[in-house]
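All remarks here apply to the structure that follows.
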Amino acid sequence: MLAKAKEEWDQEIVDKQSEKERYLSERITPLHTSGLSLSQLQDLCRELHEKVEIVDEERYDIEAKCNHNTREIKDLKIKVLDLRGKFKRPPLRRVRVSADAMLRALLGSKHKVSMDLRANLKSVKKEDTEKERPVEVGDWRKNVEAMSGMEGRKKMFDAAKSPTGQ
């Protein structure tokens, strides 16, 4: 698909270039300067200079109109924002939409596949997770007293050593 798009883009560039060359060949006649005297060349230069000035004036006028229109558009946008700000907007409500309804809205009649997102989820039983983590409930003060001092640190060191199998 990308290759097709690239092909069409390249073809469009070639078409634009050929259109530009065709237009320029119609509008611009080739200059024949060979065999002209100095005064004729000067006249030709003056004539070309006058044409350039005319085109430059037109470009300036069009640019001024464009800037004026841009300023006017900005002013109108500001006016619209000012008018819009005076009205209280209603609070938006959340709408729950299923994945099927969303795809149907986006794709229209093309959407035929039903998407049940919960169908592929793994089910987990709560009983299994509770059995894995046995919780010992005891008096916390006994634990603090047993671990205090050097004997407690030795017990912790021995306890850390014993599960590894040494």
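No experiment lies behind these values; they were computed from the predicted model shown. Reckoned from all heavy atoms, side chains included, excluding hydrogens, waters and symmetry mates.
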side-chain contact (heavy atoms from CB on, under 4.5 Å) assessment of Cys45 paired with Gln42: CA-CA 5 Å; Cys45 286; Gln42 288 175 346; 5.6 Å; no

Let me see the working for Glu47 and Lys51 under side-chain contact (heavy atoms from CB on, under 4.5 Å), right down to the final yes or no. CA-CA 6 Å; Glu47 187 179 315; Lys51 288 181 180 180; 4.0 Å; yes

Asp56 vs Arg59, salt bridge (Lys or Arg N to Asp or Glu O under 4.0 Å): CA-CA, chis, key distance, verdict: CA-CA 5 Å; Asp56 223 15; Arg59 182 190 57 82; 3.1 Å; yes

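Here NE2 of His68 is found 10.0 Å from CD1 of Ile73. Values are rounded to the nearest 0.5 Å. Note that CD1 of Ile54 and NE2 of His49 are 11.0 Å apart. Values are rounded to the nearest 0.5 Å. If you take CG on Leu31 and CG on Leu36, they are separated by 9.5 Å, rounding to the nearest 0.5 Å. Atom NZ of Lys74 and atom CG of Asn69 lie 12.5 Å apart (nearest 0.5 Å). The OG1 atom of Thr70 lies 11.0 Å from the CG atom of Asp75; values are rounded to the nearest 0.5 Å. With values rounded to the nearest 0.5 angstrom, Lys4 atom NZ is found 10.5 Å from Met1 atom CE.
Asp43 has a carboxylate O that lies under 4.0 Å from a charged side-chain N of Arg46, or vice versa, which qualifies the two as a salt bridge. With salt bridges taken as basic N to acidic carboxylate O contacts below 4.0 Å, one links Lys6 and Asp10.
Screening Arg22, Lys16, Gln17 for a side chain to side chain donor-acceptor pair (under 3.5 Å) involving Glu19 leaves a single residue, Arg22.
Judged purely by distance below 3.5 Å, without hydrogens or angles, the side chains of Glu63 and Asn67 never pair a donor atom with an acceptor atom.
One N or O on the side chain of Gln40 and one on the backbone of Ser37 form a donor-acceptor pair closer than 3.5 Å.
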